[in-house]
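Below you'll find the structure, written out as structure tokens, and then a few comments.
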Number of protein chains: 2
Amino acid sequence: MPSPTYQRIADDLRAAIVDGSLPPGAKLPSRHELARQYEVSDRVAVEAVRLLAAEGFVEARSGSGTYVRQRPQQQRLARSWYTDRRGGSPFRAETDAAGRTGTWECSSKRVAMTPAVAERLGVAVGDPGMCTRYTFLDDSEPVTLSTSWEPLDLTEGTPIMFPEEGPHAARGVVDRMAVIGQQITRTVETVTARTALAAEAEQLHARPGGIVMTITRVYHTADRPVETADIVIPVERYALVYEVPVR
Amino acid sequence: MPSPTYQRIADDLRAAIVDGSLPPGAKLPSRHELARQYEVSDRVAVEAVRLLAAEGFVEARSGSGTYVRQRPQQQRLARSWYTDRRGGSPFRAETDAAGRTGTWECSSKRVAMTPAVAERLGVAVGDPGMCTRYTFLDDSEPVTLSTSWEPLDLTEGTPIMFPEEGPHAARGVVDRMAVIGQQITRTVETVTARTALAAEAEQLHARPGGIVMTITRVYHTADRPVETADIVIPVERYALVYEVPVR
DNA sequence: TCGAATTTGTGCGTATGTATC
DNA sequence: GGATACATACGCACAAATTCG
């Protein structure tokens, strides 16, 4: 079976973009022009271009034209073994090093552990936990969403019970846990990717349908998991960098 | 400005899928049904469903219906500090541990270093290099593509010049470089994600437009970078797991 | 086995609105 | 303001796959 026409047109244009004959910023033929060249109806050309837009290869500007997307300079988000060496939060250390201004907003509330989170933390479903939602901002632009859970059987009644209140606020998890004698020794990060949900796209000022990477992070002491988080990062603006010692 | 209707319909369905009211395998209303429910034309319902299909939430079967996709069990691809402790290739160690059968195909050729690769390896553009393309198979299913470059000023004339020939074939890069006295001490992996190119989708037996993670890997000795690779992994089947010591 | 009904995939022509130049 | 270009929407038509009596 032959590919449908709109696929064939999209394939032609995609190939031209990938091999550089349509460089970033170049303007695609208008859909009238495409329809004429391929001898198809206007609508078919629309479908072809819409497909490329959904794939992120081009960006349509109403009234102006459709252009090959500039791949915006990705910032690097280091997640290496050495990032937590100094005090403060890893995110702040990151942006400071790059000469940018990292801030965040958050809110915490008590929750009952859901099955997925309970399993990661090795606690029972329904156990009490502290759930904190963060939005990280880089020069006022939202760049990362994070939802974290800590088991209250560890932190209840301690000065670090609320991650962002009291004398130990705004430090990283590693430092905060150290205050109550929990020495975090390792973190396991599971990285995958998917398209952004509508709510996430809005919060991150990202394209709806844009790709996000998700990190499922679990901090461990020698004895047990003590914190877990779901982290959402738009691929448009950030790449993850892992530096790993060998042997 | 209000969202277009087809977006609103897609948002409703997407939310229902994410919160579980439309579980994996569930059948979506047909486009006639959707058009009736939302009091829109047939075409608008088609666009809404097409959007969800492009995002990978649903799968349409012609003549039957449109169904919420089963998320196939993601395999985990460990990229931790300890993976290279034993001999052989990391990929083989991985599949062996999971009780599966890892094999691969590859071909090597001499190339002149391109600017992007030359920069990673700290050599001059146009310097001679050995470029090897791998397709990794897991129980005969292609799961990872990798293109690797090694500078020939290091390996020319040595027994490891061709990665997959001679007495040291089919070992990992770390072991092979050790043969010529290059002790690899660390690797830097930059992780990002994008939609698959048509050729990649075909090679990986993946959905065209499906999401792949890409890893740009550089192996370093204490002195210099000695190998770099571009690795492409379909998100459908694999998640990356980084285990990172803290402090 | 056949055929009718259903459902998706694709395509055409048209219309209206809005953004850009 | 006018020409151009994209965004959305309507309605219709037919092919191909599937389902089911």
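Numbers restart at 1 for each chain; the letters A, B, ... are given by sequence-line order, proteins then strands.
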Non-neighbouring partners of Ser64(A) that pass side chain to side chain donor-acceptor pair (under 3.5 Å), sequence neighbours left out: Tyr67(A)

Validation row: Ile211(A), Ile211(B) side chains within 4.5 angstrom (heavy atoms): yes

Between [X] and [N], does any side-chain N or O lie under 4.0 Å from OP1 or OP2?
X        : N      : value
Tyr6(B)  : dA9(D) : no
Ser30(A) : dT4(D) : no
Thr66(B) : dT8(C) : yes
Thr5(B)  : dA9(D) : yes

Distance-only side-chain donor-acceptor flag, Thr228(A) / Arg120(A), under 3.5 Å: yes

Sugar-phosphate, base or nothing in reach of Arg31(B), heavy atoms under 4.0 Å: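 Base, at least one base atom sits under 4.0 Å.
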
Mutual orientation of the aromatic rings belonging to Tyr242(B) and Tyr242(A) [parallel < 30°, tilted 30-60°, perpendicular > 60°]: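 Rings of Tyr242(B) and Tyr242(A): parallel, as their planes differ by under 30°.
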
Axis bend over the full length of the helix from dC2(C)-dG21(D) to dC21(C)-dG2(D), computed from five pairs that close each end, to 10 degrees: 10°

Contacting residues from residues 34-47 of chain A, given that a heavy atom lies under 4.0 angstrom of DNA chain C: Ser41(A), Arg43(A), Val44(A)

Nearest-Å distance for atom pair CZ/C1', residues Arg50(A) and dA7(D): 8 Å

